[in-house]
Engineer: 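Quick one: the structure is below, and I'll ask about it shortly.
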Protein chains: 2
Amino acid sequence: MRKIRNMEEFAEVSGISRPTVSKYFHDPDSVRDSTRKRIEAALAKYDYRPNMFAVNQNRKLTKNVGIVVPYLADPYFAEIARNIEERCIEAGFHPSLFSAHGKPELENAILDNLRALKPAGVLFAPLGRRNSDKKVIEDFCRDVPTILFDSNIEGVGAAFIGSDNASFVNQTVDYLHRSGDIPCFFEMRYPANPNAIRRRDAYIAAMDRLGMEPHVVAVEGTGWAFEEIGRQGALKLLESDALPTRTVLCSNDRLAIGFLSACYDRGIVVGFGPDCDLRVASMDDHPYSRFTCPPLTTAAHDYDAVARLTVETLLKLIESDGTLGERYERLISTRLILRASA
Amino acid sequence: MRKIRNMEEFAEVSGISRPTVSKYFHDPDSVRDSTRKRIEAALAKYDYRPNMFAVNQNRKLTKNVGIVVPYLADPYFAEIARNIEERCIEAGFHPSLFSAHGKPELENAILDNLRALKPAGVLFAPLGRRNSDKKVIEDFCRDVPTILFDSNIEGVGAAFIGSDNASFVNQTVDYLHRSGDIPCFFEMRYPANPNAIRRRDAYIAAMDRLGMEPHVVAVEGTGWAFEEIGRQGALKLLESDALPTRTVLCSNDRLAIGFLSACYDRGIVVGFGPDCDLRVASMDDHPYSRFTCPPLTTAAHDYDAVARLTVETLLKLIESDGTLGERYERLISTRLILRASA
DNA sequence: GCCTATTATTTTCGCGCGTAAAATTTCTGT
DNA sequence: ACAGAAATTTTACGCGCGAAAATAATAGGC
């Protein structure tokens, strides 16, 4: 059987002109019944599919969406990306996933290539105000309908869907306080992700409200190896007995995983109860936080809601032709998950 | 300042003909010095870049490489993919990463789109012989220089770079045996990843060599939520006291993470020593295995070597025009990492 | 059965670029 | 200043397809 190389050849063997075949692939219902049947018969025999990239080059409005995350080897982003991807597919779009691997140059390169993909829209979690190249992103958002998520850059993009970091912090601090303890705040001094800064501020504000003195414990280390940074930082703190309180609120679950590892190493019993030395809570509901020992008490992202809302907002943006009017900002609050660690 | 929309316009403002500009972008050293200077001057002013997808459509040999993994939310694949991506970039190629999200239909769709990308080569970790659509993959490999990794499909692709599963199992079993115990083998009855089957066989063979009776403990559950499957399986086993030995070798680290979680839940002390109830070892050196409690004794992949060898082999394959002669197979053996869990 | 209104299909052109061949310019050495 | 080589430009085409305009086919009304 003859091998079909392009739409021309396929049109030939199906006995229909190429543009009509093209119409069929754009929308099978836009051609006559008899025509559709003939095309589908040929399709069964020859197994041809249009070249996606040639299609993109020509179509005025594509069904592509770009998804860009700062670091895909972080399971939090892997999980949120997977959710978003699947919702895009459900909505009839074709998602392409990119990771900046923590590098601003790569982020810029990704945006450049994305332009060529002519995406109907882009869902973009930037490296952050401090790390991203703001001018490049602004230019990009002017040309391509873009929705930021996870990490905001003020005034850039048509919308921002993020986490209500204050609610994350308030709920965990409140819970720890009500159950009898005052947490210190464990974080990276120079965090890779900008949400960390909002969480720190929210922690200080929450402690103020409670009339308590805030204790921020910042550890050294840069990059995305949060677990190792958390572990090393915790080891140092535990050795020098420098922890200001017996309850620790970690800025995120990956740091907490490292912290728990250090505690185990030092024989410190983590948990909520009379025979425990330390309570450790955290934020994100990282996919593994339920499998740590002890399982992490954490403020959970609503992965599902974030994915749904970002994709819905993008669809609206696309339908409304790239302008939602006012820049839409939406912070999704958390759900506290009580596990054994605190 | 005028906005440049394509190479034509850019050629205009730089005062050079379009084909020469095209040559420049293909290889800046292929044009005269004075020409290059003029182009680069214009480049600084106008910030133009060729449309990647239009380039791909026309170039006979592109610098694209496709990377396909079965499940990117698995940190093992995220880590190996990140390594491979970075090596490709170093080698001057342009990698595109795809995840089948565990679904054969998606895997097929990815291969289809990959064809349109005209990649110089593809690095492909298939879902596996049982799950992948073998015919689709065979067809693909006939058309595109492809190297399989992680999971082999006999006779398909120009080469296979994988793990020497036997060495993984032998080293862990040997170590556990020498240090005084006989392990049972903890696995999924219907594993998502085909390496699991080779590991089981290797375990049985290893036990035979030692003159011991093998004990395979297979737990139910399908899909890619290995930690949860391991946890539920372990809980059941521990409750009914059905574990045949006091030493457990898990088929992979993610199962082991779930297993450890169950042990913690039941108050069972895992580790190597007189006051421990159970030893747990595993395989993969998953990025988090050093942070579990206790840290996992595991047979480590040489991530670096795998990434280097796959990319090197692909480069050879590309240079040799798609035919390496004999199908090249290489299994990389493991390095045992002793931690506290066993 | 004839004419118009409504699809459906074909014609023609364009997207942004690579590539090959021929014509022209520039450079090198003398 | 001149022959020959090397680089560049011109010209022309192709890639695989979408989209608007032009044409053909069908349906409806009388």
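The sequence lines fix the lettering, A, B, ..., with proteins before strands; numbering per chain opens at 1. These values consider heavy atoms only, across backbone and side chains, with no hydrogens, waters or symmetry-generated copies.
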Engineer: Could you verify whether a donor N or O on one side chain and an acceptor N or O on the other, from Tyr76(A) and Asp150(A), lie under 3.5 Å apart?
Structural biologist: yes

Engineer: Less than 4.0 angstrom from a charged side-chain N to a carboxylate O is my criterion; do Arg308(A) and Asp302(A) meet it?
Structural biologist: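 Salt bridge flag = no for Asp302(A) with Arg308(A).
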
Engineer: Please report the distance, rounded to the nearest Å, between CG in Asp27(B) and P in dG18(C).
Structural biologist: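 To the nearest whole Å, that distance equals 13 Å.
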
Engineer: Atom CG of Leu117(A) to atom P of dG16(C): distance rounded to whole Å?
Structural biologist: 15 Å

Engineer: Figure out the NZ/P separation between Lys118(B) and dC17(D), and round it to whole Å.
Structural biologist: 11 Å

Engineer: Determine whether a donor-acceptor pair (N or O, by modelled atom type, separation under 3.5 Å) exists between the side chain of Ser132(B) and the backbone of Leu127(B).
Structural biologist: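 Side chain of Ser132(B) to backbone of Leu127(B), a donor-acceptor pair under 3.5 Å: yes, one is there.
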
Engineer: Within this structure, what is the CZ-to-P distance between Phe10(B) and dC15(C), rounded to whole angstrom?
Structural biologist: 19 Å

Engineer: Can you give one letter per nucleotide of nucleotides 5-10 of chain D, going 5' to 3': B for a protein heavy atom under 4.0 Å from the base, S for sugar-phosphate only, - for none?
Structural biologist: --SSBB

Engineer: Go through the structure and list residues passing side-chain hydrogen bond (donor to acceptor under 3.5 Å, both in side chains) with Tyr303(B), not counting sequence neighbours.
Structural biologist: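 Partners of Tyr303(B) under the side-chain hydrogen bond (donor to acceptor under 3.5 Å, both in side chains) test: none.
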
Engineer: How close or far is atom P of dT10(C) from atom CD1 of Ile39(A), stated in whole angstroms?
Structural biologist: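 In whole Å, dT10(C) P and Ile39(A) CD1 are 10 Å from each other.
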
Engineer: Check this for me, if you would: do Arg87(A) and Glu85(A) make a salt bridge, where the nitrogen-to-carboxylate-oxygen distance has to be below 4.0 angstrom?
Structural biologist: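 Not counted as a salt bridge, because no side-chain N and carboxylate O are separated by less than 4.0 Å.
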
Engineer: Under 3.5 Å, which donor-acceptor pairs link side chains of residues 53-70 of chain A to any protein atom two or more places apart or in another chain?
Structural biologist:
residue  : atom : partner   : partner atom : Å
Asn56(A) : OD1  : Asn64(A)  : ND2          : 3.1
Asn56(A) : ND2  : Met52(A)  : O            : 3.2
Asn58(A) : ND2  : Ala54(A)  : O            : 2.8
Arg59(A) : NH1  : His26(A)  : ND1          : 2.3
Thr62(A) : OG1  : Asn64(A)  : N            : 3.2
Thr62(A) : OG1  : Lys118(A) : O            : 2.6
Asn64(A) : ND2  : Leu117(A) : O            : 3.1

Engineer: Specify the residues of residues 45-53 of chain B, ordered by number, for which at least one heavy atom lies under 4.0 angstrom from an atom of DNA chain C.
Structural biologist: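 Within this stretch, Tyr48(B), Pro50(B), Asn51(B) sit under 4.0 Å of the strand.
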
Engineer: Any salt bridge (charged side-chain N to carboxylate O under 4.0 Å, His left out) involving residues 101-117 of chain B? Give me the pairs, sequence neighbours left out, ordered by first then second residue.
Structural biologist: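 Sorted result for residues 101-117 of chain B: Arg49(A)-Asp112(B), Glu86(A)-Lys103(B), Arg115(B)-Asp143(B).
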
Engineer: Using a 3.5 Å distance criterion without hydrogens, assess whether the side chain of Thr20(B) forms a donor-acceptor pair with backbone atoms of Ile16(B).
Structural biologist: no

Engineer: Taking atom P of dG14(C) as reference, at what distance in whole Å does atom CG of Asn6(B) sit?
Structural biologist: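 Interatomic distance, CG of Asn6(B) to P of dG14(C): 14 Å.
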
Engineer: Round to a whole Å and report the spacing from CD of Glu8(B) to C1' of dC15(C).
Structural biologist: 12 Å

Engineer: Are Asp27(B) and Lys23(B) ion-paired here, with the side-chain N under 4.0 Å from a carboxylate O?
Structural biologist: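 Here Asp27(B) does not pair with Lys23(B) in a salt bridge, since their nearest N and O are not under 4.0 Å apart.
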
Engineer: Residues of residues 56-64 of chain A with any non-hydrogen atom less than 4.0 angstrom from an atom of DNA chain C: list those, numerically ordered, please.
Structural biologist: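 Within residues 56-64 of chain A, the residues near DNA chain C are Gln57(A), Asn58(A).
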
Engineer: With a 6.0 Å cut-off on the ring centroids, do Phe25(A) and Tyr48(A) count as close?
Structural biologist: yes

Engineer: Is there a donor-acceptor contact under 3.5 Å from the side chain of Ser22(B) to the main chain of Arg18(B)?
Structural biologist: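 Side chain of Ser22(B) to backbone of Arg18(B), a donor-acceptor pair under 3.5 Å: no, none is there.
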
Engineer: Report the distance from atom CD1 of Ile4(A) to atom P of dG16(D), rounded to the nearest whole Å.
Structural biologist: 13 Å

